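Data block below; observations after.
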Number of protein chains: 2
Amino acid sequence: MMDLGPRRMTTEARRAQLLAFGRQHFAEHGYEALPMDAIAERAGVSKGLLYHYFGNQRGFYMETVRAVTDEVIAITEPPADQPFEQAFRVMVTRFVGYVQEHGAIYNALVRGGLGSDIEVNELIDRVRTTTTSRILERLRVRQPSALSEIAIYGWVGLIENGCAEWTVTGGASPSQLIDFFISAFEPVLEVLQSEQCS
Amino acid sequence: MMDLGPRRMTTEARRAQLLAFGRQHFAEHGYEALPMDAIAERAGVSKGLLYHYFGNQRGFYMETVRAVTDEVIAITEPPADQPFEQAFRVMVTRFVGYVQEHGAIYNALVRGGLGSDIEVNELIDRVRTTTTSRILERLRVRQPSALSEIAIYGWVGLIENGCAEWTVTGGASPSQLIDFFISAFEPVLEVLQSEQCS
DNA sequence: GGCTATTATTGACGATTCGTCAATAGCTAT
DNA sequence: ATAGCTATTGACGAATCGTCAATAATAGCC
């Protein structure tokens, strides 16, 4: 129902193919909307194969989510050879670009569709914590206060939710979004600066 | 295992009791960590009773989530007899207060723990959309642009994620949080104002 | 080009869980 | 007390999960 390739593949190729399928599938139907039998049929393989590669239903879902979040984390790495303001803009721009390109999947998988249990949420949360530490690093904040971390972490939630809403409503240009996200960071910067002094 | 009341209760009382239990249960274990048999046993009732009241497993979970989100929506209603700035601060303060009081449950249920499918997410999203429209109303914005809505909606994500992180790390006072959340709204206001003119 | 070893792949199976429903039992009112 | 109403139960069939021995497609060797 989707295969088209040879019946027997190398483990790596098959794994990649199944993950690519999982991305589409889970974006469309949620985790657990369809039983594993049906998922396997749609993927063009037997149920046993899915269990062989991913252990269980949650395993398949988690690895799919991990593939997406890893991608986001990799793409939004701020360039190290630029001053903060510039690197920061690059990061935001790349994030918005990713959402623009993979909108439906991003929205359904990372924020909208699901997040069925604690382990999955920790996976998704890794995007937020990684971004937070990257910003703290680039600003040379050694021992951030609780409020600082909350502020940055909250700002990441702002761009996540903003982008998620954007994928649904549309109607704003990427540059408008990017400019707003950057301006929304100013209050965060103020919190950070007010603490650098103390 | 939890009951203590009479064996037979009025439908309303039983319903309320089960929802109260569900809140604790789902906050601790996620949706679907335990089978319905075990959940019923912990609640001190039969499995059949849970199905009688809530239809199915998802039904029980959804109604529990709905109870929490309804509560949040009710509590954060901005007072109508005050100017915007004041009403806005009241709204934020009440939200932070709610999280401070029901931290674990809020975090686990609304953001952290789960959100297992599309319907549940729509339920949780209602908090964000309601807050967004309330703000637009209070600011007398009749036909908001896409960017305006995204900005406000994103800001709601900021306070949600900020509060969620706060429940985990602690370490900041409520007033610090509130002040930051309010200052973080300034860039949103700027977006709104720049469009009022056009 | 056939043959064999390797291993990717399958589908039937037992175990678990879901959701139903006729039967039960606790409360209220007369 | 007793009868009627209905909240509550637990055993049942259907569906789904996850396993595992059997299968078959490929690659390498002669």
Side-chain angles (χ1 to χ4, degrees), chain A residues 1-22 25-26 28-66 113-114 116-120, chain B residues 1-22 25-26 28-66 113-114 116-120:
Chain A
M1 212 148 216
M2 180 194 174
D3 198 317
L4 293 165
R7 303 205 179 291
R8 183 189 173 120
M9 305 169 70
T10 65
T11 50
E12 287 176 28
R14 177 66 84 187
R15 191 184 181 74
Q17 183 216 17
L18 290 176
L19 283 175
F21 165 80
H25 171 81
F26 288 123
E28 187 174 356
H29 318 84
Y31 168 62
E32 281 218 315
L34 276 72
M36 281 295 258
D37 311 35
I39 295 176
E41 192 186 355
R42 288 175 58 92
V45 297
S46 72
K47 182 177 58 163
L49 197 68
L50 284 181
Y51 280 96
H52 174 69
Y53 275 92
F54 304 106
N56 55 28
Q57 197 169 10
R58 171 183 301 179
F60 185 32
Y61 177 62
M62 278 193 57
E63 299 232 29
T64 303
V65 173
R66 177 185 291 278
L114 357 118
S116 58
D117 55 49
I118 291 165
E119 287 182 75
V120 174
Chain B
M1 212 148 215
M2 180 192 174
D3 199 318
L4 294 166
R7 305 204 179 289
R8 182 190 174 122
M9 306 169 69
T10 66
T11 50
E12 287 175 29
R14 177 66 84 187
R15 192 185 181 74
Q17 183 216 17
L18 290 176
L19 282 176
F21 165 80
H25 171 81
F26 288 123
E28 187 174 355
H29 319 84
Y31 169 61
E32 281 218 314
L34 276 73
M36 281 295 258
D37 311 37
I39 295 177
E41 192 186 354
R42 287 175 59 91
V45 297
S46 72
K47 182 176 59 162
L49 196 68
L50 284 181
Y51 281 96
H52 174 68
Y53 276 92
F54 304 107
N56 56 28
Q57 197 169 8
R58 171 183 300 179
F60 185 32
Y61 178 61
M62 279 193 55
E63 298 232 30
T64 303
V65 173
R66 177 185 291 277
L114 356 116
S116 58
D117 56 47
I118 291 166
E119 287 182 76
V120 174

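Within every chain, numbering begins at 1; the chains are lettered A, B, ... in the order of the sequence lines, protein sequences first and strands thereafter. Bear in mind that the values here come from a model prediction, so they are computed numbers and not experimental data.
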Handout entry: Gap separating the CZ atom of B:Phe60 from the OH atom of B:Tyr31, nearest 0.5 angstrom
Key = 12.0 Å
Measure the distance from [atom1] on [X] to [atom2] on [N] and round it to the nearest whole Å.
X       : N      : atom1 : atom2 : answer
B:Glu41 : D:dT8  : CD    : C1'   : 16 Å
B:Met9  : C:dT28 : CE    : P     : 12 Å
A:Arg8  : D:dA25 : CZ    : C1'   : 5 Å
B:Phe54 : D:dT8  : CZ    : C1'   : 14 Å
B:Leu50 : D:dA7  : CG    : C1'   : 14 Å

Practice task
Confirm from the modelled atom types if B:Arg14 and D:dT8 form a donor-acceptor pair under 3.5 Å, side chain to base only.
Solution key: no
Practice task
Would you indicate what B:Thr11 reaches in the nucleic acid, counting non-hydrogen atoms under 4.0 angstrom: base, sugar-phosphate, or nothing?
Solution key: sugar-phosphate
Problem - Under-4.0 Å side-chain N/O to phosphate OP1/OP2 contact, A:Tyr53 with C:dT9 - result: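 Yes, within the criterion.
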Practice task
Quick one: do B:Glu63 and B:Arg15 satisfy side-chain contact (heavy atoms from CB on, under 4.5 Å)? Show the steps, please.
Solution key: CA-CA 10 Å; B:Glu63 298 232 30; B:Arg15 192 185 181 74; 2.8 Å; yes
Practice task
If a protein heavy atom is under 4.0 Å from the base, mark B; if only from the sugar-phosphate, S; if neither, -; do that for nucleotides 11-23 of chain C going 5' to 3'.
Solution key: B-----SBBB---
Problem - Minimal non-hydrogen separation, B:Leu34 against B:Gln57, with atom names - result: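 In terms of heavy atoms, the two residues are closest at O-NE2, 3.8 Å.
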Handout entry: Residues B:Glu41, B:Lys47: salt bridge by 4.0 Å N-O rule
Key = no
Handout entry: Pair A:Glu119 + A:Arg66, salt bridge at N-O below 4.0 Å
Key = no
Practice task
Evaluate the criterion salt bridge (Lys or Arg N to Asp or Glu O under 4.0 Å) for residue pair A:Arg42 and A:Glu28; output intermediate values, then yes/no.
Solution key: CA-CA 12 Å; A:Arg42 288 175 58 92; A:Glu28 187 174 356; 3.8 Å; yes
